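Quick caveat, the model's predicted, so the values are computed rather than measured.
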Amino acid sequence: MKRYLKTVIMSILLCALALLPATYAAYADTSETGAIIKADSIQELSNILGSAPGANGMVTVQLNPADTEYELTRSLNIPDNVMLDLNGQTLKVTSSSDCAIALSGEGASVRNGTIINGGIRVYGDDSAGTISKMNIQSARSYGIRLQGASIGDITDNTITNSGSHGISLTSEAAAGDIRDNIVTGSADDGISLYHSSHCGVISGNVLKDIGDAANAGTQGASDYGIILNNGNSDGYCYAEEIIGNSIESAAFASIVLLNAYEKDLKDPENESRCFIKGDIAYNKISNNASYKKIVKDWSNRKSSDPTCEGAIFINRGAEVIGDIHHNTINTTYDDGIDVLCYATVRNIYSNIINTAGVAGIAVGDHSKVTGSIYNNKIKSSKNIGIFINTSSNVKKYIRNNKIVKPAGNGIFVTNGAKANVIKNNTITKAGVYGVIAGNKGKISSLESNTISVNNAKEGIVVLSNVKCCISKIKGNKISGKYNAGI
């Protein structure tokens, strides 16, 4: 019986193979991408794609190996249920088009090839398949762009020297995970989600030399590592998590969340329309806001230029529903972690921040940390270790943080901001003040901290300024060179 069934199945497969057009070199395949149809030239490939080969189910169209690059004089349009497998071959765009491959059909996918001078576009209302293992070099505009379309995962691609964004989602686009891609030398953002777009996890990506740092001081530019920006859209711009990415030398901020510009930020009933559902964690960031190192002449700087310059920058009512944790930030020419302008984060913990240009961690302008700031290591900030400013609130604890050699203050709570309990922190060799409540800043309890100051002339270990309040000061150890203790 089993032998009989096997014979019947093989007969059916052979019949199906016989029905394929004779001009296609094809054979049946049991993989999830279905039968394989092979092409020996771009013209043959274009003819196959134009014949709707996936009308009866998923197929793979594969380009046969060639001794030289395939020249592409017009875009290849991938229809429904087709996986274009470039089979390791190279397509060189010789026309003026900035699009080499367009995924326009439902389930349309592309993998395993190189494109020179062009990018990949996904358009339309149908849900495309995947983009994987593509090497996109010197695209005239975007490397990969989704505009009002949806796709599955974008994985394992290498995008080098694109003329605009590396990977871009805009106009209510949607993607699965954006994972394990390498983006180097993009003229604009490395990975961007704009205008009610969303995706799954953004993880394992390597971004380097993002944005035009040399001109960023004189030109309005979008030069961020990873950015979610809802603009003026009424929808929601979000990702599941931002985990385990490496970002080196972004011209402006490395990870950015921006809510709608016209949102009434002062209305507590208004929900955030730009958010991360989970955490921002285990990312490695270095040489952040690199334009500040390069640009010396500020005389031509436009007032509209971006101000998002902290390594991790949450702004304009955006929200991290989870936590910001276990990120490593080495050399940022601005703040390490910013939560600003009515933004919200649950906890900030176990981050390592070395050599921040201003503050290691800043929470400001009516923002809130609904949990705690704890177990962070902040070294050699050019101004402040932890800065709570302008009617912001850390609701639970600032605790167990190690702040080493801040040029200014260790922990600074000011301008009507509130910090509940500051406890068990170690502040070493603060340049001016160890802990300060300034300009109506309020600290409920300052207890069991170890604080040293290295400024014999002006240094004060603990300062509660005029109209400020530290309700309880208990069990703190103070040392170093200072003018006054408490």
Side-chain angles (χ1 to χ4, degrees), residues 323-325 336-337 339 345-353 356 359-364 367-381 383-456 458-486:
D323 303 323
I324 299 176
H325 66 92
I337 298 173
V339 182
V345 173
R346 186 171 61 188
N347 296 295
I348 302 172
Y349 68 90
S350 297
N351 300 284
I352 298 173
I353 303 168
I361 297 172
V363 182
S367 296
K368 58 187 176 182
V369 176
T370 59
S372 299
I373 299 174
Y374 63 97
N375 288 352
N376 299 285
K377 296 179 180 180
I378 302 169
K379 184 178 180 180
S380 301
S381 296
N383 195 345
I384 302 166
I386 296 175
F387 188 30
I388 315 300
N389 189 22
T390 314
S391 302
S392 296
N393 191 358
V394 179
K395 291 194 171 183
K396 292 184 179 180
Y397 291 91
I398 299 176
R399 62 176 174 84
N400 295 102
N401 299 286
K402 293 183 178 180
I403 302 170
V404 179
K405 293 183 179 180
N409 309 318
I411 299 175
F412 191 9
V413 182
T414 188
N415 293 326
K418 298 177 182 179
N420 188 23
V421 178
I422 299 178
K423 183 177 182 180
N424 291 335
N425 299 282
T426 300
I427 301 169
T428 305
K429 293 185 178 181
V432 184
Y433 304 130
V435 177
I436 175 173
N439 193 18
K440 299 182 181 180
K442 295 182 179 180
I443 300 170
S444 298
S445 178
L446 180 67
E447 56 184 278
S448 302
N449 299 283
T450 300
I451 308 168
S452 74
V453 171
N454 190 30
N455 188 329
E458 299 177 345
I460 300 176
V461 179
V462 177
L463 173 63
S464 181
N465 217 329
V466 178
K467 295 184 179 180
C468 302
C469 179
I470 302 178
S471 299
K472 182 171 68 173
I473 301 175
K474 177 184 177 182
N476 300 284
K477 297 178 181 180
I478 63 176
S479 63
K481 299 175 183 179
Y482 49 85
N483 181 268
I486 297 176

Non-hydrogen side-chain atoms of [X] and [Y] separated by less than 4.5 Å:
| X | Y | answer |
| --- | --- | --- |
| N449 | V435 | no |
| V462 | L446 | yes |
| I436 | T414 | no |
| E458 | N483 | no |
| V339 | I348 | yes |
| I398 | I388 | yes |
| I337 | N351 | yes |
| F387 | V363 | no |

To check you understand the geometry: which heavy-atom pair defines the closest contact between I470 and A437, and what is its length?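 Where I470 meets A437 most closely, the heavy atoms are CG1-CB, 4.0 Å.
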What are the two closest non-hydrogen atoms of N401 and I373, and how far apart are they? ND2-O, 3.1 Å
Distance-only donor-acceptor check, side chains N420 and S444, under 3.5 Å: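 On atom types as modelled, these side chains qualify, holding a pair under 3.5 Å.
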Begin from the C-alpha positions of N425 and I403 and carry the test side-chain contact (heavy atoms from CB on, under 4.5 Å) through to its verdict. CA-CA 8 Å; N425 299 282; I403 302 170; 5.8 Å; no
Verify side-chain contact (heavy atoms from CB on, under 4.5 Å) between T450 and I427, making sure each step is shown before the conclusion. CA-CA 6 Å; T450 300; I427 301 169; over 6 Å; no
